[in-house]
Amino acid sequence: MHELPSLPYAFDALEPHIDAQTMQIHHGKHHATYVTKLNDALKDHPDLQGKSLEDLLRGIAAVPEGIRNAVKNHGGGHANHSLFWKTMGPGGGGAPSGPLGDAINGAFGSFDAFKEKLTTTATNVFGSGWGWLVLRDGKLEVTGKPNQDSPWMEGAAPLLGVDVWEHAYYLRYQNRRPDYLSAWWSTIHWAEVEQQYLRARG
Ligand code: MN3
């Protein structure tokens, strides 16, 4: 059974950037529902229940057609949000140093260029989706994805993602996605993103 991970900080820990009520609903309702519906989808498939979430998503093409969309949407939602909570934190923001900082400079020219690229990509996701920093074939890449599509489904490792579904920002920012994105940069817990990078790089 997949489980909702507890938030590694209090609901109000990301104030003023992300408000406590949004965090409470987003984690306790939206993410919780993805977990419940993923478990529902897998309930008659004991062979798939033993797989890690990453393996399930990497192997999405092999998931039986009758539950493939449910696994894609709810499994993707579970994976995406689990990473999202971990890569934010109180006192976050700034820019990464160390191996991740070096890799970002190498791939995008500078941290500011990377920041602009991810912001523009996330701003331009049409409707609901995510902006991502991923490692694909050993290279850092910025990409936008619709819905809860997980980068794992296309063989890329997600390192940092920003949720641009309206439920992520509507209470505080209404339709102002760019304001939310600007605030989100001040929450990033770069030490965790670096862990994700080192793990994906192997
Ligand atoms: Mn969400």
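Atom set for the values below is all heavy atoms of this structure, side chains included, hydrogens, waters and symmetry mates excluded. Order of listing sets the numbers, starting from 1, for every ligand and every atom in it.
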Angle, NE2 of H167 through the Mn ion (ligand 1) to NE2 of H26 - 10° precision: 90°

Partner of V35 by side chain to side chain contact (heavy atoms under 4.5 Å, CB included), out of H81, H78, M1, H74: H78

Geometric class of the H27/H31 ring pair [parallel <30°, tilted 30-60°, perpendicular >60°]: perpendicular

L159 vs L140, side-chain contact (heavy atoms from CB on, under 4.5 Å): CA-CA, chis, key distance, verdict: CA-CA 9 Å; L159 308 180; L140 290 180; 3.5 Å; yes

D163, N/O/S atom nearest the Mn ion (ligand 1): OD2

The Mn ion (ligand 1) to nearest N/O/S of H30 below 2.8 Å: no

Parallel, tilted or perpendicular, as decided by the 30° and 60° cut-offs, for the rings of F108 and F114: tilted

